[in-house]
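One structure is given here, and the rest of the page talks about it.
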Amino acid sequence: MTGKAKPKKHTAKEIAAKVDAATTNRGGGKAGMADRTGLEKGGHAKLECPYCKITAPDIKSMQIHHEARHPKLPFDESKLNNLHSTHGAESSKPRPGVRGSKKK
């Protein structure tokens, strides 16, 4: 048993979780916003709504968005803008969601 004055040691699982959280890009902040738009690095956003210009990663998500936001307009997959084909990803920039620390 540990007393009040004795500090508890961290488990290997807890330390591994902290390292994972510190070194994996979760997509927050300004860098995450650029990643989600998909314009700069060919990020997660693949499709763009032709009516309101919101982005979605796949057809199913875009269909859900369309049914919720544009219920009176018919859903047509051919009208969707494919951002990955129009804005090719640059190889010099890091890919989104890359695991690893910047300091080596």
Side-chain angles (χ1 to χ4, degrees):
M1 280 179 28
T2 58
K4 286 185 180 178
K6 266 191 167 177
K8 293 184 180 179
K9 299 199 177 190
H10 296 284
T11 63
K13 182 179 177 183
E14 184 182 348
I15 293 171
K18 284 183 179 183
V19 168
D20 181 50
T23 59
T24 303
N25 178 7
R26 300 288 184 216
K30 288 184 181 179
M33 185 63 174
D35 175 32
R36 288 188 297 275
T37 58
L39 299 177
E40 201 172 311
K41 297 187 274 187
H44 300 293
K46 182 177 181 182
L47 302 171
E48 183 182 56
C49 179
Y51 305 110
C52 63
K53 303 297 182 192
I54 198 164
T55 56
D58 57 0
I59 292 282
K60 187 68 180 171
S61 299
M62 185 54 74
Q63 190 172 4
I64 292 168
H65 157 77
H66 192 83
E67 290 170 359
R69 302 290 179 213
H70 317 290
K72 294 180 182 177
L73 299 170
F75 180 70
D76 187 14
E77 288 183 28
S78 62
K79 289 184 179 180
L80 300 176
N81 301 329
N82 188 343
L83 297 175
H84 284 192
S85 64
T86 51
H87 306 289
E90 292 183 31
S91 61
S92 63
K93 298 195 177 183
R95 298 291 298 169
V98 175
R99 179 188 165 91
S101 174
K102 296 221 178 212
K103 56 181 183 177
K104 298 280 178 186

Q.
Just verifying a value: how many Å separate Q63 CD and D58 CG, rounded to the nearest 0.5 Å?
A. 10.0 Å
Q) How long is the span from the CD atom in E48 to the CG atom in N82, to the nearest 0.5 Å? A) 10.5 Å
Q.
Suppose we screen for side chain to side chain contact (heavy atoms under 4.5 Å, CB included). Which residues come up paired with E77, at least two apart in sequence or across chains?
A. I59, F75
Q: Measure the NZ-OH distance between K79 and Y51 for me, rounded to the nearest 0.5 Å.
A: 4.0 Å
Q) A56 and M62: which non-hydrogen atoms are nearest, and at how many Å? A) CB-CE, 3.7 Å
**Q.** Heavy-atom pair of closest approach, residues C52 and H70
**A.** SG-NE2, 3.5 Å
(Q) Go through it in stages, so that I can follow the logic: the residues are C49 and H65, the test is side-chain contact (heavy atoms from CB on, under 4.5 Å), and I'd like the CA-CA distance, side-chain angles, deciding distance and then a yes or no. (A) CA-CA 9 Å; C49 179; H65 157 77; 3.6 Å; yes
